[in-house]
Structure formats: C-alpha cells, structure tokens
Amino acid sequence: MTAALTRRPRLGDWRSHEELAASRRARLPEVLSQAARTPFYQRRLTEGATLEDLALTTKQDLRDNYPYGLLAVPKEELATYHESSGTAGRPTASYYTADDWHDLSERYARKWVGITASDTFLVRTPYALMITGHLAHAAARLHGATVVPGDNRSLAMPYSRVVRVLHDLGVTLTWSMPTETLLWAAAARAQGHEPGRDFPNLRALFVGGEPLSPARRRRIAELWGVPVVEEYGSTETGSLAGECEHGRMHLWADRAVFEVYDPATGRLGAEGSGQLVVTPLYREAMPLLRYNLEDAVEVSYDDCPCGWVLPTVRVLGRSAFGYPVAGRAVTQAVLEDLVFQLPAGDEVLFWRARAHADLLRVEIEVPDARREPATRALRAAIDEALRVPCEVTGVAPGTLVPRTVLTGVHDVVKPRSLFGADEDWDKALLYY
C-alpha cells in the first residue's frame with residue numbers, strides 16, 4: 001500500500017470549493033508519479049508535465065492497451081480484474097488493489113440513506129467481470145450488512161425468485177438499474193403482492209446504470225413507498241457521484257478531478273454541458289489521467305441545501321441523443337418523462353418507441369379499462385412537448401414484458417452423468 005494513498009478525505013473535510021480545489025492540486029503530483037509507472041503513461045508524460053498539458057485518455061486507449069498496459073503496480077498486488085460490459089472487439093480492462101477497494105467501497109456508501117449492520121442488502125446487478133455487483137457487495141460488507149447476491153445476469157435468479165427473496169428475507173436495501181424495480185413491481189403483482197404494501201422492511205432502492213427521468217423516479221418511489229437513491233459511476237472508475245437528501249447528484253470531487261469536455265470545440269472546463277472527464281486521485285493499480293467517459297452531463301457549482309461542498313451533476317448519457325422525426329430531435333429522456341407523467345392509475349410501467357423519418361410510433365402496456373384515456377393523454381402530451389406526428393398504441397399487459405418472464409422459474413441443472421430410470425438425461429449439461 002502506498003503511504004500517500006492511505007489518507008483519503010471525508011465528507012466535511014473542507015469548507016469551500018476553493019479549499020477543495022487546493023486539496024486536489026496538492027494530490028496531483030503523486031497521481032502523475034503513479035501514472036508514470038504504467039507503460040501507457042510513460043509514453044505520454046514528459047518531465048515537468050502537468051495535468052492540463054495532457055491529451056484526453058479515451059476508451060480506445062484502454063482497448064489498445066489491453067490487458068495490462070495501464071498497470072502501475074506489480075501484478076501480485078492486484079486484488080481484482082474487471083472488464084466493461086461491451087462484447088465487441090477488445091474489452092476495456094480495469095484492475096484494483098486492496099487499498100483501491102477501500103476507496104471504492106467508501107465512495108459507494110456515501111449515500112444519504114446509510115448502509116448499516118442491520119440491513120439486508122439485495123445486490124441485483126452483474127457480478128461477472130463488471131465491477132457493479134462487487135462494488136455494492138463490498139460497500140455493504142464494509143458496513144456490516146447482510147448481502148443477498150442476486151446477480152441479474154444469472155439464470156438461477158429469475159424475477160419470481162427476486163420477489164420471494166425481497167418478501168421472505170425482509171430485504172431493506174437494494175441495488176439495481178431503475179428498470180429492474182419496475183420489473184419487480186410487475187412480478188410482485190403477478191404473485192399476488194402489492195409493492196407498496198407487502199414489503200414493509202424495504203427502506204430504500206439504490207439505483208444506477210441508466211439515466212433516470214424525474215417522472216420515472218417519482219413513479220418508482222410511489223410504487224414501492226420508499227426513496228429512490230441514485231448513483232453514478234463506471235467499471236473503469238467506480239462510484240463518481242451520489243445523491244444527497246435533497247435529490248441532487250454530487251460529484252465526489254474530493255476523490256477525483258472532474259472536467260467537462262465540449263467535443264464541438266475541444267475545450268475543457270470545470271462546469272457546463274458536455275462529456276465528463278475524470279482523473280481519480282486515489283488509484284494505485286490503474287491511474288487514469290483525464291479519462292473521457294463520453295457520458296453527456298451537466299455540471300454545476302451552485303450551492304446545495306445539503307451543505308456538501310461538492311459540484312452537482314445531471315447525467316444524461318445516451319438519453320441525451322435523439323433521433324430526427326419530422327425535422328425535430330426526439331430523445332429518450334423526454335419521452336420517458338412524458339410516459340411516466342401519466343397517472344399512476346393507468347398502470348403504465350413498460351413502453352417502447354420507434355422514430356421514423358416522419359412519424360413517432362409509441363406503444364405502452366396498459367390495462368383494457370385505461371387504454372383509451374391513457375393513449376389519448378400521452379398523444380396530447382407528446383404533441384405539446386415535441387410537436388411531431390405521433391401514433392400511440394396501447395397494448396395488453398404481457399405484450400412488451402411477457403408474463404412468463406415475471407413468473408417463470410428457469411431450469412438450472414448441474415452437470416451429471418448417472419441418471420435414474422425416470423430422469424431426463426438430455427438435461428445433463430443444461431443450464432437454462
């Protein structure tokens with residue numbers, strides 16, 4: 001463990017943005033020195049170079065230097081190795097030491113709804129190669145919580161089992177993508193449960209991994225009757241931002257330098273709209289200098305009532321990019337907000353849309369009794385907000401998300417060779 005990395009700041013260690021900026025500047029020489037130990041940055045760093053002198057590090061740089069071109073410590077010091085979720089071509093690799101993991105766990109746990117030893121924490125994000133499941137697992141264990149590892153990529157954990165675990169184990173906290181919580185609600189109702197009534201131990205839903213519109217967030221909180229607490233990060237960096245009690249996302253600017261990149265002009269600034277660029281300040285195994293996450297964001301240094309002296313961020317991600325319909329851009333963020341502004345009584349949880357050159361086609365799952373008023377209201381809302389030709393169709397529940405997905409129990413069989421006379425030996429190697 002590098003001695004300089006053992007002391008990490010805590011929330012409340014500073015009183016102003018200027019003081020926070022000074023603490024970051026004091027860390028940067030050590031960060032640059034650590035980066036110079038990697039084969040990749042050895043080629044980029046010249047004597048006396050500062051962070052501002054460096055070009056952006058890109059995802060392609062990570063792919064080109066797969067697997068260990070950004071390794072800054074002896075390989076035997078690594079605790080874990082990870083890859084991003086992409087499947088095409090070379091992956092983007094990430095690796096962490098044990099001390100890196102303390103930093104990762106501390107950042108993840110910086111939520112206004114704290115993790116305690118009395119919590120039962122369902123982790124419903126991927127474990128395999130990605131960091132997301134391991135991150136929540138480690139943070140929960142750091143605070144003594146009981147972890148239920150419910151990997152959402154595992155066929156051994158269908159939605160029927162998720163609902164049983166949530167109900168029978170008295171789960172208090174969960175970690176998932178926002179869409180997962182809607183699927184749980186539908187699966188719970190398919191099993192005769194009401195999300196906001198029959199899970200009394202649940203006290204918060206931690207979500208991340210996809211942009212979340214204000215209206216969908218309100219609908220999820222209303223369905224389950226608990227706060228929805230958002231998180232932002234990546235496999236390459238871990239947690240980068242978390243939410244305060246006033247519902248604003250704060251960048252962990254004491255643990256990383258954040259910049260906003262305008263791809264149109266090439267300029268980098270501390271705030272505004274553009275792509276988020278990050279330089280972690282406490283990273284042993286894989287230092288990153290000016291790493292461009294390529295996520296569309298809006299960063300602000302306006303004061304927040306919570307008192308955290310940290311910038312706020314609005315993460316737009318891919319939802320910021322739209323498709324042209326009749327000469328106007330249609331984005332997922334706007335459409336999602338309009339869908340979830342429909343009354344809760346319409347029971348609309350799932351939707352999809354296709355942008356044609358001259359027509360926007362939208363489908364929503366809605367019960368027969370609410371189909372006509374719901375489609376009429378959504379069509380009117382889209383017309384007012386987007387001013388594009390639109391066709392809204394209501395389809396029966398189970399059309400977009402089949403009921404079998406919500407209620408099915410997958411066949412998971414361990415490898416075997418000897419079977420009884422009444423057993424199906426064609427399932428010897430069947431895992432689905």
Side-chain angles (χ1 to χ4, degrees), residues 1-35 50-52 54 96-97 99-116 135 138-139 142-143 206 208 229-234 236-261 268-274 276-284 287-291 293 295 297-315:
M1 183 184 301
T2 304
L5 298 182
T6 59
R7 172 65 175 96
R8 293 179 293 268
R10 297 164 295 184
L11 287 174
D13 276 359
W14 52 92
R15 292 164 297 191
S16 67
H17 290 297
E18 292 74 22
E19 188 177 311
L20 178 56
S23 72
R24 289 196 300 266
R25 287 194 297 271
R27 280 288 312 149
L28 280 174
E30 176 64 25
V31 173
L32 293 169
S33 175
Q34 188 73 2
T50 67
L51 187 66
E52 291 75 16
L54 298 176
Y96 299 91
T97 65
D99 196 55
D100 287 337
W101 267 103
H102 282 290
D103 176 43
L104 290 169
S105 302
E106 287 173 355
R107 281 187 278 144
Y108 179 89
R110 283 175 155 185
K111 295 177 172 61
W112 71 269
V113 176
I115 305 170
T116 71
L135 178 58
L142 182 68
H143 290 267
F206 295 166
V229 182
E230 201 171 357
E231 161 90 12
Y232 170 63
S234 72
E236 299 94 332
T237 62
S239 176
L240 295 174
E243 193 175 302
C244 73
E245 61 185 316
H246 295 276
R248 299 181 70 181
M249 289 274 285
H250 290 265
L251 289 167
W252 303 138
D254 60 321
R255 301 290 180 93
V257 174
F258 292 101
E259 299 172 277
V260 180
Y261 172 65
L268 285 150
E271 56 187 318
S273 300
L276 190 66
V277 174
V278 59
T279 301
L281 293 173
Y282 297 87
R283 185 80 177 268
E284 285 187 321
L288 291 171
L289 303 179
R290 286 192 148 182
Y291 177 57
L293 284 154
D295 283 339
V297 298
E298 296 173 355
V299 175
S300 169
Y301 278 77
D302 292 343
D303 291 338
C304 179
C306 73
W308 289 354
V309 184
L310 294 166
T312 58
V313 62
R314 184 175 175 227
V315 182

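Positions are given from 1 along the sequence. All values derive from a computational prediction rather than experimental measurement.
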Can you find a heavy atom in the side chain of Leu288 that is under 4.5 Å from one in the side chain of Val278? no
Calculate, to the nearest 0.5 Å, the distance between atoms CH2 and CD belonging to Trp112 and Glu245 respectively. 7.0 Å
Minimum-distance pair of heavy atoms, taken over all atoms of Trp14 and Val309: NE1-O, 2.9 Å
Quick one: does any side-chain atom of His250 pair with a main-chain N or O of Leu310 as donor and acceptor, under 3.5 Å? yes
For Ser105, which residues count as a side-chain hydrogen bond (donor to acceptor under 3.5 Å, both in side chains) partner, sequence neighbours excluded? none
What's the separation between atom CG in Leu32 and atom OG1 in Thr50, rounded to the nearest 0.5 Å? 7.5 Å
Any side-chain heavy atom of Val260 sitting closer than 4.5 Å to one from Leu268? no
Closest heavy-atom contact between Thr97 and Glu284? OG1-OE1, 2.7 Å
Between atom CG of Leu142 and atom CG of Leu104, what is the distance when rounded to the nearest 0.5 Å? 11.0 Å
side-chain hydrogen bond (donor to acceptor under 3.5 Å, both in side chains) partners of residues 251-260, not counting sequence neighbours, each pair once: Asp103-Arg255, Glu106-Arg255, Arg110-Asp254, Ser239-Trp252, Glu259-Arg290
Side-chain heavy atoms of Val315 within contact of Leu276, under 4.5 Å: no
Checking Gln34 against Arg283 for the side chain to side chain contact (heavy atoms under 4.5 Å, CB included) test, could you report, in this order, the C-alpha distance in whole Å, the side-chain angles of both residues, the deciding distance, and whether it holds? CA-CA 8 Å; Gln34 188 73 2; Arg283 185 80 177 268; over 6 Å; no
For the OH atom of Tyr282 and the CG atom of Asp99, what is their distance to the nearest 0.5 Å? 11.0 Å
Measure the CD-OG distance between Glu271 and Ser300 for me, rounded to the nearest 0.5 Å. 6.0 Å
Any side-chain heavy-atom pair from Thr312 and Asp302 closer than 4.5 angstrom? no
Over all atoms of both residues, closest heavy-atom pair of Ala256 and Arg24: O-CD, 3.6 Å
Side chains of Pro9 and Ser23: closer than 4.5 Å at any heavy-atom pair? no
Run the side chain to side chain contact (heavy atoms under 4.5 Å, CB included) check on Phe258 and Thr279 step by step: do they pass? CA-CA 7 Å; Phe258 292 101; Thr279 301; over 6 Å; no
Side chains of Val297 and Arg314: does their closest heavy-atom pair fall under 4.5 Å? no
Taking every heavy atom of Tyr108 against every heavy atom of Ala139, the minimum-distance pair comes out as CD2-CB, 3.4 Å
Looking at residues at least two apart in the chain, or sitting in another chain, which of them share a ring-ring contact (aromatic ring centres under 6.0 Å, His included) with His17? Tyr301
Quick test of your reading of the model: are Lys111 and Glu231 salt-bridged, counting only N-O distances below 4.0 Å? yes
Taking every heavy atom of Pro280 against every heavy atom of Val31, the minimum-distance pair comes out as O-CG1, 3.8 Å
Can you tell me how far apart CH2 (Trp308) and CZ (Arg248) are? Round to the nearest 0.5 Å. 12.0 Å
In sequence, state the C-alpha distance, the side-chain angles, and the governing distance for Tyr232 and Asp295, and then conclude on side-chain hydrogen bond (donor to acceptor under 3.5 Å, both in side chains). CA-CA 11 Å; Tyr232 170 63; Asp295 283 339; 2.7 Å; yes
Below 4.5 Å, heavy atoms only, C-beta onward: do Leu281 and Val257 meet side chain to side chain? yes
With the side chain counted from C-beta on, respond yes when Val313 and Glu298 share a heavy-atom pair under 4.5 Å apart, and no when they do not. no
Search all heavy atoms of Gly238 against all heavy atoms of Arg107 and return the closest pair with its distance. C-NH1, 4.0 Å
